[in-house]
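These notes are about the structure you will find just below.
By convention in this document, chain letters (A, B, ...) are assigned in the order of the sequence lines, proteins followed by strands, and residues within each chain are numbered from 1.
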Protein chains: 2
Amino acid sequence: MKKEQYLIDGIDKIILNRLINDARTPILSIAREVGISGAAIHQRLRKLEASGILAGSKFVLNPKVLGYKTLAFVGIFLESSSKYKDAVNRLKEIEEVVESHYTTGNYAIFVKISCKDNEHLMQVLNHRIQNIKGVSRTETFISLEQQIDRQIKI
Amino acid sequence: MKKEQYLIDGIDKIILNRLINDARTPILSIAREVGISGAAIHQRLRKLEASGILAGSKFVLNPKVLGYKTLAFVGIFLESSSKYKDAVNRLKEIEEVVESHYTTGNYAIFVKISCKDNEHLMQVLNHRIQNIKGVSRTETFISLEQQIDRQIKI
DNA sequence: CCTGAAATTGCTACGGT
DNA sequence: ACCGTAGCAATTTCAGG
């Protein structure tokens with residue numbers, strides 16, 4: 001007995017596709033586009049949220065305008081994988097770490113870091129990440145240009 | 001003559017911090033919290049948007065509930081860096097590619113890919129990415145668990 | 001799954017300090 | 001430069017088919 005996956009129809013897709021790129025899109029403009037009432041849109045949104053498909057909405061900040069001009073990926077090697085849990089808890093305390101993944105392949109942990117400049121990145125690497133117990137070494141890739149940033153198509 | 005960076009005050013921070021985690025937070029609830037009118041909040045939001053700090057708002061989908069359970073990072077080696085522009089344009093056509101970066105270090109291009117399962121990931125790697133002219137080889141890291149996902153603190 | 005009505009909130013123009 | 005009031009449009013909830 002497989003758990004039923006919520007089925008979204010064409011109207012749900014239109015709603016989500018409009019709101020994915022602008023969470024403040026007027027509901028009524030979507031309502032007019034698909035030909036149902038605004039209240040019906042709200043009901044569908046509540047269902048999508050209850051199903052977990054809709055995880056929330058966010059305002060997106062531009063890090064560069066705030067002075068955060070260096071984006072980097074850092075692969076972290078651990079002395080042993082048993083140190084993972086502690087290490088990730090320490091990473092959470094570092095504000096510059098915006099993503100953290102436990103990965104297959106060379107690294108144990110793979111993080112995305114947002115810093116003001118390369119000097120700031122060096123400080124975070126040498127004084128914060130390398131100080132975490134269990135971290136043996138790191139490999140850094142600086143993003144010089146990001147050309148794609150989107151969500152999966154529905 | 002350095003370009004002046006827009007200065008955000010405490011009220012701006014409260015506004016942004018509330019909207020970062022929920023773009024549909026009622027403006028009036030923020031207004032009551034900080035003790036100014038809703039109109040004043042709107043004026044500040046317009047300024048923040050004009051300054052570029054506020055890049056927009058998005059609905060966040062949960063890929064797993066939609067059946068996208070495999071998240072992976074792929075480092076792409078190019079035969080020569082002159083192929084970058086063409087390669088990234090081909091990557092844009094692959095829906096599963098949700099991020100693409102031009103990076104320093106081992107790889108030329110570094111992408112984040114969202115797939116339904118490992119088989120789907122293999123298809124994307126072998127039949128889509130490896131088919132791009134100029135791509136010599138790839139290295140893949142599958143994210144087994146993502147513990148951190150946030151924006152820079154303001 | 002939908003509509004329509006009622007209350008609340010969003011948004012903008014204009015004026016005040 | 002920053003804020004408030006006012007007015008209309010949109011959002012959101014609720015009752016009901």
(request) May I have the step-by-step check of salt bridge (Lys or Arg N to Asp or Glu O under 4.0 Å) for A:E49 and A:R46, ending in yes or no? (result) CA-CA 5 Å; A:E49 196 158 17; A:R46 272 198 292 268; over 6 Å; no

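- With a cutoff of under 4.0 Å to any heavy atom of chain B, the contacted region of DNA chain D is bounded 5' to 3' by D:dA1 to D:dT12.
- A distance below 6.0 Å separates the ring centres of B:F110 and A:F110.
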(request) Using a 4.0 Å cut-off on protein heavy atoms (strictly under), produce a 5'-to-3' string for nucleotides 10-17 of chain C with B for base contact, S for backbone-only sugar-phosphate contact, and - for none. (result) SBB-----

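- If you take CZ of A:R32 and P of C:dC2, they are 17 Å apart, rounded to a whole angstrom.
- Here B:F73 and A:H101 bring their ring centres to under 6.0 angstrom of each other.
- What you find for B:A87 and B:I132 is that their closest heavy atoms are CA-CG2, 3.9 Å.
- Nucleic acid contact class of A:A40 (heavy atoms, under 4.0 Å, all strands): base.
- Applying the side-chain contact (heavy atoms from CB on, under 4.5 Å) test between B:L54 and each of A:N62, A:V60, A:L61 identifies A:L61 as the sole match.
- The only member of B:E95, B:Q130, B:E96, B:K116 that meets side-chain contact (heavy atoms from CB on, under 4.5 Å) when paired with B:V124 is B:E96.
- Under the 4.0 Å criterion applied to side-chain N and carboxylate O atoms, A:D149 and B:K112 are not assigned as salt-bridge partners.
- For the pair A:R150 (side chain) and B:V97 (backbone), a donor-acceptor distance under 3.5 Å is present.
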